[in-house]
Amino acid sequence: MRNKILRSEETKIEILGLNAKCHVWRKPGTTHHLANTITTVKHGGGSIKLWGCFSAAGTGRLVRIEGKMNAAMFTKPAPMFLDPSYKRFAKIVDHSPPFGVKYQENTIDSLLSATKNFGLGKELDRLSCKTCIIIGNGGILTNKSLGKKIDEFDVVVRLNGAPLKGYEKDVGSKTTIRITYPEGAFQKMDYYESQSLFVLSAFKSLDLKWMRYMISNQKLSIHGAGALTDLEKVYDRVPREELWYCMRTSGVAEKYVRVVQDMYESCKTVVRCAVVVTEEFKVEVGLHQGSALSPFLFALVMDRLTDERNTEGFWKSVAKRVPREASDMRILNPYFIQEASFKLIGLPYNNGQMGRGNVPTLGSVAITMALHNCDEVAVAGFGYNLSTPHAPLHYYEKILMSAIKESWTHNIPKERAFLVKLVKAGVIQDLSNGICGAGCS
């Protein structure tokens with residue numbers, strides 16, 4: 001029984017020693033001698049308050065309390081999901097997706113008025129201390145038999161289209177929230193859990209419009225794909241990672257995918273005008289101009305997109321429907337994407353815009369969210385060992401580790417360093433030991 005009990009406590013630590021009444025013997029005229037005085041700090045600041053949670057398993061995360069402890073202090077400064085008061089967070093109001101909500105306020109207001117719920121649910125919201133686990137999709141989960149242990153956590157967070165049926169022994173059967181985006185959501189209705197929150201992580205403005213279709217149960221329209229009608233602009237803006245994806249899903253042999261990747265690696269060009277030639281600069285998006293292979297690659301990408309006619313402007317097929325009531329849908333607070341990227345992992349700021357290597361993976365975003373809202377955080381299924389290219393990437397499919405060798409949006413080495421720090425410092429617990437293996441002990 002005691003193993004299931006969580007306790008919380010707060011403490012005040014005096015920085016300059018005991019700050020209370022003290023009786024001393026002193027001679028006349030020595031009132032202000034150093035030995036007869038107590039050092040204090042005017043207007044506060046001489047102490048700090050800490051609040052934390054502990055159980056039989058150990059201590060949770062310590063939180064510093066600024067100002068006086070009152071009911072408002074127990075409100076999380078960065079809630080998991082957007083609610084009608086989201087505009088009070090200046091950091092997300094000043095950034096566009098994926099790092100904020102700029103220019104998307106009307107769409108978000110409409111979505112929030114439809115969902116009408118903004119928490120985990122009454123039972124979980126009442127808990128003063130929450131244990132949370134983020135389940136990655138890594139192949140390292142195979143044969144780990146962690147299912148029962150995973151299901152013991154208060155909040156079980158799953159990502160994208162990682163299935164449960166048939167894998168319960170290793171990954172558990174409980175899902176509290178499933179965080180995803182349009183391209184990552186289940187497209188088969190029977191894959192969805194019977195009870196869980198569907199949480200959108202909006203990486204682009206179109207994701208929020210897609211969410212509006214899902215909430216209202218409207219049919220997706222191909223006419224929404226206005227971004228794809230200007231073929232000239234699309235030719236120069238094909239993301240490289242999407243090109244590799246289209247090649248692989250179209251049946252192109254991996255050895256030929258590697259050949260094309262080598263052709264596009266570290267490409268540089270110059271611009272020549274009437275009076276000057278610019279310095280060399282990298283070309284990290286789009287197809288090669290003047291290459292005999294480029295028209296074929298472009299046709300391959302376009303064929304792939306037109307085959308998936310419910311894309312509505314997305315680079316990959318998206319779900320036509322999400323079998324959830326509006327009250328069970330949420331929008332992830334984009335603050336966690338911003339904080340994970342720029343503050344915790346240290347990715348390039350790029351003027352607050354999405355760019356090469358500055359968008360964190362959904363796993364790191366979910367961990368950041370949990371660190372703000374949970375008192376004990378664990379992970380399982382994390383850790384990509386790029387030195388084993390023939391190992392399975394995910395526990396539920398045959399895609400190999402080599403498929404993530406190059407990513408336009410993510411910086412896998414920096415994310416791994418971030419996760420290793422969290423595990424070594426004891427901030428999170430890695431149940432599957434995939435982040436740094438024996439190196440964290």
Mind checking whether Trp210 and Phe198 have parallel, tilted or perpendicular rings, split at 30° and 60°?
tilted
Salt bridge between Lys204 and Asp207, side-chain N to carboxylate O under 4.0 Å?
yes
What's the spacing between Ile367 CD1 and Thr361 OG1 if we round to 0.5 Å?
7.5 Å
Roughly how far, to the nearest 0.5 Å, is OG1 of Thr368 from CG of Asn333?
11.5 Å
Derivation of the side-chain hydrogen bond (donor to acceptor under 3.5 Å, both in side chains) call for His95 and Gln353:
CA-CA 8 Å; His95 291 78; Gln353 301 295 318; over 6 Å; no
In Å and rounded to the nearest 0.5 Å, what is the OG to CD1 distance from Ser110 to Ile108?
10.5 Å
Can you name the nearest heavy-atom pair linking Met369 to Leu332, along with the distance?
SD-CD1, 3.5 Å
For Lys87 and Asp109, which heavy atoms make the closest approach, and how far apart are they?
NZ-OD2, 3.2 Å
Check: Phe118 ring centroid to Phe81 ring centroid under 6.0 Å
no
Any side-chain heavy atom of Val379 within less than 4.5 Å of one from Ile435?
yes
Side chain Asn358, main chain Gly355, donor-acceptor under 3.5 Å:
yes
Compare all side-chain heavy atoms of Leu200 with those of Leu208 and state whether any distance is below 4.5 angstrom.
yes
Quick one, Arg178 with Val199, criterion side-chain contact (heavy atoms from CB on, under 4.5 Å). Give me CA distance, side-chain angles, the key distance, then yes/no.
CA-CA 6 Å; Arg178 184 175 288 275; Val199 180; over 6 Å; no
If you measure from the Lys or Arg side-chain nitrogens to the Asp or Glu carboxylate oxygens, is any gap between Lys424 and Asp430 under 4.0 Å?
no
Between Arg324 and Ser196, what is the shortest heavy-atom contact and its length?
NE-O, 2.9 Å
With rounding to the nearest 0.5 Å, note down the distance linking CD in Glu415 to OG in Ser341.
8.5 Å
Partner of Arg158 under side-chain hydrogen bond (donor to acceptor under 3.5 Å, both in side chains), chosen from Asn137, Thr175, Thr180
Thr175
Flag if over 12 foreign heavy atoms under 6.0 Å of CD, Glu105:
yes
Side chain of Glu168, backbone of Gly166: donor and acceptor closer than 3.5 Å?
yes
To the nearest 0.5 Å, tell me how far Met211 CE sits from Ser201 OG.
11.0 Å
Can you tell me if Lys116 uses its side chain to pair, donor with acceptor, with the backbone of Ser113 under 3.5 Å?
yes
Closer than 3.5 angstrom, by distance alone: can the side chain of Asp328 be matched with the main-chain N or O of Leu197 as a donor-acceptor pair?
no
Does a side-chain heavy-atom distance below 4.5 Å link Lys165 with Tyr191?
no
For the residue pair Leu146 and Ser432, establish whether any side-chain heavy-atom pair is separated by less than 4.5 Å.
yes
Looking at every heavy atom in both Ala370 and Ile134, which two are closest together, and how far apart are they?
CB-CD1, 4.0 Å
Sidechain-backbone polar pair: Asp151 side chain, Ser173 backbone, donor-acceptor under 3.5 Å:
yes
Apply side-chain contact (heavy atoms from CB on, under 4.5 Å) to residues Tyr264 and Leu287 and explain how you reach the verdict.
CA-CA 9 Å; Tyr264 279 80; Leu287 300 173; 3.7 Å; yes
One thing to verify: whether Lys174 and Asp154 come together as a salt bridge, which I'm taking to mean a side-chain N less than 4.0 angstrom from a carboxylate O.
no
Tell me, do Ile179 and Val157 make a side-chain contact under 4.5 Å, heavy atoms counted?
yes
Please report the C-alpha distance between Met247 and Val260 in whole Å, then the side-chain angles of each, then the deciding distance to 0.1 Å, and finally whether the side-chain contact (heavy atoms from CB on, under 4.5 Å) criterion is met.
CA-CA 10 Å; Met247 292 179 70; Val260 176; 3.7 Å; yes
Hey, does the side chain of Tyr192 reach the backbone of Phe186 with a donor-acceptor pair shorter than 3.5 angstrom?
yes
Just by modelled atom types, is the Gly346 backbone N or O under 3.5 Å from a matching donor or acceptor in the Lys414 side chain?
yes
Got a sec: does the CD of Glu325 have more than 12 other heavy atoms crowding it under 6.0 Å?
no
Could you give the distance from CD1 (Ile135) to CD1 (Ile133), rounded to the nearest 0.5 Å?
4.0 Å
Is there a side-chain contact between Ile177 and Arg330 in this structure, where contact means two heavy atoms from C-beta onward sitting under 4.5 Å apart?
no
Do Tyr395 and Val171 have side-chain heavy atoms sitting under 4.5 Å apart?
yes
Sidechain-backbone polar pair: Lys209 side chain, Ser205 backbone, donor-acceptor under 3.5 Å
no
Taking all non-hydrogen atoms of both residues, which atom of Ser327 and which atom of Asn117 are closest, and how far apart?
CB-ND2, 3.3 Å
Do other residues, nucleotides or ligands put more than 12 heavy atoms under 6.0 Å from the NZ atom of Lys421?
no
Begin from the C-alpha positions of Leu362 and Phe203 and carry the test side-chain contact (heavy atoms from CB on, under 4.5 Å) through to its verdict.
CA-CA 10 Å; Leu362 198 55; Phe203 287 97; 4.1 Å; yes
What's the shortest heavy-atom distance between Ala326 and Ala114, and which atoms?
CB-O, 3.6 Å
Where the side chain of Arg416 meets the backbone of Pro413, is there a donor-acceptor pair that is under 3.5 Å apart?
no
Under 6.0 Å between ring centres: does that hold for Phe99 and Phe342?
yes
Determine whether Asn373 and Leu120 make a side-chain contact, defined as any pair of heavy atoms from C-beta on separated by less than 4.5 Å.
no
